[in-house]
Amino acid sequence: MNVETTRIDGIPTPVSRIGLGTWAIGGWMWGGADDNASVATIRSALDQGINLIDTAPVYGFGHSEEVVGKALAGMRQHAVIATKVALEWGDGGVRRNSTPARIRQEIEDSLRRLRTDYIDLYQVHWPDTLVPFEDTAAELEKLRAEGKILAIGVSNYSPAQMDAFSATTMLAAVQPPYNLFERAIEADVLPYARDEGLVVLAYGALCRGLLSGRMNASTTFDGDDLRNADPKFRQPRFAQYLAAVDALAELARERHGKSVLALAIRWVLDQGPTIALWGARRPDQLRGIGDAYGWRLSAQDLSDIDALLARHVTDPVGPEFMAPSLR
Ligand code: NAP
């Protein structure tokens, strides 16, 4: 497989442009998880040249990081670990907290769970407007000077927030939501990243599985699965999105002999300095990963895709339902 790679400032290893997302591996908000399948998925990703593993303390309240640490035992040097910081949990809620004290506590917990002494990319999970951005940035800069992290990123930040943050430390990457159906960053974060030389880790590249092409109108989700609360998965919108997926699948098949999933990932990779975060929790879900590499969508494809999205999705909605509250 011809793996496409990119560079993230501060990280010596080339990073695969498809990263494995491990939110579902934590179980929480995904109806539970099977740890053996999760470990096998992470190892299968590494075997297929995906060296970037994205996780977060909040994914399963430590569980995702623990499973990543277990899967990477003895193979740490082959992986680029991206984790996050500055969400706290308790009393049934998740809240933003990017105070220096919180960061100090979290880094040690993450290092222990991940069974490592350094994190490649450390990302502030959500902007906390109750703490000056320079205070958060200064604490991360200290962690970098101590060798505990190699590169600093932010997630869900606006360009103005990134400007405030990067007055104190060098930002290498930003992690926003981005996929064929969720394109708000094209107005601000994506051009900002291009101008500032940031790598964009696009999360939800499959729009929580919608763009896998495996869903239909009778698909349901178990337990606390976040898709039960996601407005995209409620009728009448669900039917609009599924019709768009069918039309995308036809375009992918007829013009490129590819699956809609490969098209969805390729589309993210063709938008600029991007990495596509592909969430998977079973090895079989990674089948066909190589189909996303080594080709490009033409300008005609891109404009036809935009037209078909506008035709089918007449009542679009974004991923805002996921945002955690401030303290
Ligand atoms: P995603 O990648 O859009 O979708 C993941 C889900 O799609 C999987 O859990 C699986 O669902 C389904 N799927 C994947 N491959 C499939 C296949 N081959 N066939 C059928 N279904 C398939 O969503 P995501 O996991 O939310 O996003 C990716 C990553 O981005 C996360 O894991 C996380 O690392 C990161 N993220 C970050 C933030 C942030 O605030 N920074 C927010 C969200 C996500 P089932 O197993 O249920 O079928």
Side-chain angles (χ1 to χ4, degrees), residues 18-34 37-38 41-42 44-45 48 50 52-60 63-65 67-68 81-87 94 96 121-127 153-157 173-182 185 189 200-216 219-228 230 232-233 241 245 249 259-265 267-268 274-292 318-324:
I18 297 176
L20 178 69
T22 64
W23 185 7
I25 278 171
W28 168 72
M29 289 183 81
W30 288 86
D34 170 343
S38 300
T41 306
I42 294 163
S44 167
Q48 296 182 69
I50 300 182
L52 176 65
I53 314 291
D54 183 74
T55 182
V58 78
Y59 298 164
H63 193 61
S64 174
E65 286 190 334
V67 173
V68 169
I81 298 178
T83 191
K84 310 189 189 81
V85 65
L87 286 182
V94 171
R96 309 176 195 198
L121 177 64
Y122 206 41
Q123 307 156 101
V124 184
H125 208 147
W126 282 85
V154 291
S155 181
N156 302 297
Y157 270 49
V174 56
Q175 184 174 142
Y178 193 42
N179 60 60
L180 275 160
F181 293 143
E182 294 171 339
I185 68 162
V189 172
V200 175
L201 277 69
Y203 77 67
L206 299 179
C207 202
R208 298 171 289 291
L210 249 183
L211 288 161
S212 70
R214 306 269 168 82
M215 291 185 181
N216 58 54
T219 301
T220 55
F221 305 101
D222 294 334
D224 72 344
D225 195 305
L226 77 161
R227 290 165 293 192
N228 287 321
D230 186 334
K232 279 198 183 62
F233 293 81
Y241 282 106
V245 172
S259 67
V260 64
L261 191 154
L263 174 103
I265 299 291
W267 183 89
V268 169
T274 45
I275 287 175
L277 292 181
W278 177 336
R281 49 177 156 183
R282 296 194 316 269
D284 66 276
Q285 291 178 328
L286 292 176
R287 217 174 284 142
I289 210 156
D291 291 344
E320 295 76 18
F321 79 100
M322 281 198 273

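Both ligands and their constituent atoms are indexed starting at 1 by order of listing. All values below were derived from every heavy atom in this structure, side-chain atoms included, with hydrogens, water molecules and symmetry-related copies excluded.
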Which residues share a side chain to side chain contact (heavy atoms under 4.5 Å, CB included) with Ala264, sequence neighbours left out: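 If we apply the side chain to side chain contact (heavy atoms under 4.5 Å, CB included) test to Ala264, skipping adjacent residues, the hits are Leu180, Leu206, Leu211.
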Can you name the closest pair of heavy atoms from Val245 and Val260 and give their distance?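 In this case the closest contact between Val245 and Val260 is O-CG2, 4.0 Å.
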What residues form a ring-ring contact (aromatic ring centres under 6.0 Å, His included) with Phe221, not counting sequence neighbours?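 Checked Phe221 against ring-ring contact (aromatic ring centres under 6.0 Å, His included); matches are Phe233.
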Near ligand 1, at a heavy-atom separation below 4.0 Å: residues by chain and residue number: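 Protein residues near ligand 1 are Gly21, Thr22, Trp23, Ala24, Trp30, Asp54, Tyr59, Lys84, His125, Trp126, Ser155, Asn156, Gln175, Tyr203, Gly204, Ala205, Leu206, Cys207, Arg208, Gly209, Ser212, Arg214, Arg227, Leu261, Leu277, Trp278, Gly279, Arg281, Gln285.
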Hey, can you pull the donor-acceptor pairs under 3.5 Å for the side chains in residues 21-28, sequence neighbours left out?
| residue | atom | partner | partner atom | Å |
| --- | --- | --- | --- | --- |
| Thr22 | OG1 | Asp54 | O | 2.7 |
| Thr22 | OG1 | Thr55 | OG1 | 3.3 |
| Thr22 | OG1 | Ser64 | OG | 2.9 |

Does Arg227 pair with Asp225 as a salt bridge, N-O distance under 4.0 Å?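 Counted as a salt bridge, because a side-chain N and a carboxylate O are separated by less than 4.0 Å.
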Can you confirm whether more than 12 heavy atoms, excluding those of Asn216, are under 6.0 Å from its CG atom?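 Yes, CG of Asn216 has more than 12 neighbouring heavy atoms, counting only those of other groups under 6.0 Å.
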